[in-house]
2 protein chains.
Amino acid sequence: MKLKDFAAQIGLSPTTVSRALSGYPEVSDKTRKRVEAEAARLGYHPDVNAVRLATGRAGAIGVAMTRAGDYQFSEFINGMAERLSGGELDILLIPMGEHETVDELQVFRRLAQSRRVDAVVIHSPVPDDPRIALLDRLKIPFIVHGRSLTTVPHAWLDIDNEAVTRRATDHLLDLGHRRICLINGPDNYTFARDRDHGYRTALQARRIAYDETLVHHGTFSDETGFRFASTALSKQARPTAFVAGSMMTALGIYRAARSLGLAVGSDISVVAHDDVFPYLTAETMTPALSTTRSSIRAAGREIADLLLQMLDGRKPSDIAELWPVDLILRDSSRPAPKEPTP
Amino acid sequence: MKLKDFAAQIGLSPTTVSRALSGYPEVSDKTRKRVEAEAARLGYHPDVNAVRLATGRAGAIGVAMTRAGDYQFSEFINGMAERLSGGELDILLIPMGEHETVDELQVFRRLAQSRRVDAVVIHSPVPDDPRIALLDRLKIPFIVHGRSLTTVPHAWLDIDNEAVTRRATDHLLDLGHRRICLINGPDNYTFARDRDHGYRTALQARRIAYDETLVHHGTFSDETGFRFASTALSKQARPTAFVAGSMMTALGIYRAARSLGLAVGSDISVVAHDDVFPYLTAETMTPALSTTRSSIRAAGREIADLLLQMLDGRKPSDIAELWPVDLILRDSSRPAPKEPTP
DNA sequence: TTGAAAGCGTTACCAC
DNA sequence: GTGGTAACGCTTTCAA
């Protein structure tokens, strides 16, 4: 049923019906109530495509889905959905190929030009992210989940990645560890650089030399953790502690330790960053994993909220949220072994 | 720039331009080439909302996102995206709350009535899934990822879940195991029932009595695996093998075994189902995990393809794909210990 | 092979 | 407070 028919059936003009259903103030309360009741009874629903054409709004926000997202993605989206549910905004997935190809930018260009979305969220920026410059130029509202160093003013929300590794490293140093490995994300991303920085800062504060052989960059997979930890732990002067960028790499480190007959929590210590997942929890690992923690689901919720504010007129350049992280001490981080291994 | 302006600029009518860009046969090759070149040069792109209103097509396919999806979701979507990329179909996320609430059905109703999507894919059906009946009634094309027992004819693609557990159990029986635990998904889902069935079938073929205390249903999390395996392995007559429904539960089982000082691959055997993820791989676990394997990414790709065919006129009732699974033997499944534990 | 004009189902401006 | 009507930007008959 279309507006015209529906309006005719209840003896009102399309204009009035449209206004009543869209909550315009000038329609009388009595009329509005009646229209709403009749719409429910007769099952009238506006055609979104017509609404979109008439209003110029797309009614959707696009989420760029980089390969890097992987297992965090679902939690983030669920967070956004919590905030968006019931509203008139859909979530449109924008699958991307490999990062930073020309193709990737084309995707955004087409997206903007075809007016498919009202706003966009992008993840895992690199320090000088071309997507940011492009979206700014295209004048399509966007928010960055993560940070970039671009000079283009833009909205962003990020966790304090520098603190993630600084606090974890500090904690391990407090426990007497001196050879501490860092298994970070791919080093082109800003977040990975921030984490490198936090790690270095903690070491410097104690006048401990930075040793590049203790640091690794790679994707967040158990394999990355296993490979690097295995190699590192087989060395002559083996590390006594690890800072892991993700739960998956932490799994790999645990595994490497076990396969070498080393006990996590005594022979070696581990602290990982945890985005909080329902299917893999730090506190039930054996031993319970010490983590820096920040809910990626909550980030999704907040980003959706900020996006709503932006569409409501809030200035993007006013939006910059840096979320602190919790440091949760459990059993995987313990005092360094008294005797440095020979 | 709009069609009218663009057409005027290159000295053609909107009609011809529209036809040229949409690949209609009646426009001359020369004209088409010219129009395409000019469109690229001047940056003309049709407004999708106008196209959608005029054609009645939504240009998007909806993917219902149940909480059950979680970490598999991203891989599935990426598979769909591979097939859909470049095309004119977007992926619209349909976040759902808890399963089987009235609310859930409302979501689909609104979706259909507002003409937001051309087709829908739903996951993890229950045996008599109300969503299927509803979508059929609403006449919105859909495909089910998984199976239902409803009498409503519909398109579906599923892996052979009965074979998943039957083959895994069979394999363990061949190795001499007799007390084999099954850690399955939540028992309201069809796939979990099919897996129950496969497990029972394998046991029956060897005249081994079904013991309900060896079977558990729960969400796919490491905690589920850990909890149940810990309890089971602490019993007097402890099980010697486990069939796990997911990689996450397998992690939990490994962990439980270790915490009790039992070695996977000798004291106990484990076979799990693996959807194939880039961030957690069976062959690099310690010991390498034997799995039944089927790529959920490939399923996403195929489902997108089938959807395309349906929108092209293929009858949904003709679409029914049952995918076999591979059984990959690695080191976690080995002959049962000679001496049944006392 | 090309073009004119009538939709597609809303919203929003301007009268009443 | 309510109604008529011109957009919104495209597709698609129908005519030429």
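In what follows, every chain begins at residue 1, and chains take the letters A, B, ... in the order their sequences are listed. The shown structure was predicted, so the numbers you read here are calculated from the model rather than taken from an experiment.
The ring-ring contact (aromatic ring centres under 6.0 Å, His included) test applied to B:Phe108 returns no partner, not counting sequence neighbours.
Atom pair A:Leu21:CG and C:dA12:C1' shows a separation of 16 Å (rounding to whole Å applied). Rounded to a whole Å, the CD atom of B:Glu26 is 11 Å from the P atom of D:dT12. Atom CE of B:Met1 and atom P of D:dC8 are 16 Å apart (whole Å). Distance CG (B:Leu53) to P (D:dG9): 12 Å, rounded to an integer number of Å. Distance, B:Asp47 CG to C:dC8 P: 19 Å, rounded to whole Å. Rounded to a whole Å, the NZ atom of B:Lys4 is 9 Å from the P atom of D:dA7. Taking atom CZ on B:Arg115 and atom C1' on C:dC8, their separation rounds to 11 Å, with Å as the unit. Taking atom CZ of B:Arg57 as the reference point, atom P of C:dG9 lies 15 Å away to the nearest angstrom.
The phosphate of D:dT13 (OP1 or OP2) has no side-chain N or O of B:Tyr24 nearer than 4.0 angstrom. Within the 4.0 Å cut-off from OP1 or OP2 of D:dC8, at least one side-chain nitrogen or oxygen of B:Lys2 is found. The phosphate of D:dG9 (OP1 or OP2) has no side-chain N or O of B:Tyr44 nearer than 4.0 angstrom. Side-chain N/O atoms of B:Thr16 include one lying less than 4.0 angstrom from OP1 or OP2 on C:dG3. For the pair A:Thr55 and C:dT10, the criterion of a side-chain N or O lying under 4.0 Å from OP1 or OP2 is not met. One finds a side-chain N or O of B:Thr31 lying less than 4.0 angstrom from the OP1 or OP2 phosphate oxygen of C:dT2. Look at B:Ser18 and you'll find a side-chain N or O under 4.0 angstrom from OP1 or OP2 of D:dT11. For B:Thr15 and C:dG3, the shortest distance from a side-chain N or O to OP1 or OP2 is not below 4.0 Å.
With 3.5 Å as the limit, one finds no donor-acceptor pair spanning the side chains of B:Gln9 and B:Asp5.
Where B:Val27 and B:Ala50 each meet DNA chain C at their nearest nucleotide, the meeting point lying more 5' is that of B:Val27.
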**Asked** Under the side chain to side chain contact (heavy atoms under 4.5 Å, CB included) criterion, do A:Glu36 and A:Leu21 qualify, and how do the steps go?
**Response** CA-CA 7 Å; A:Glu36 279 168 355; A:Leu21 260 25; 4.1 Å; yes

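When atom types are taken as modelled, the side chain of B:Ser295 and the backbone of B:Val276 share no donor-acceptor pair closer than 3.5 angstrom.
Contact of A:Arg19 with D:dG3 (side chain to base): a donor-acceptor pair of N or O atoms is detected under 3.5 Å.
Considering all non-hydrogen atoms of both residues, B:Val51 and B:Pro46 come closest at CG2-CB, 4.0 Å.
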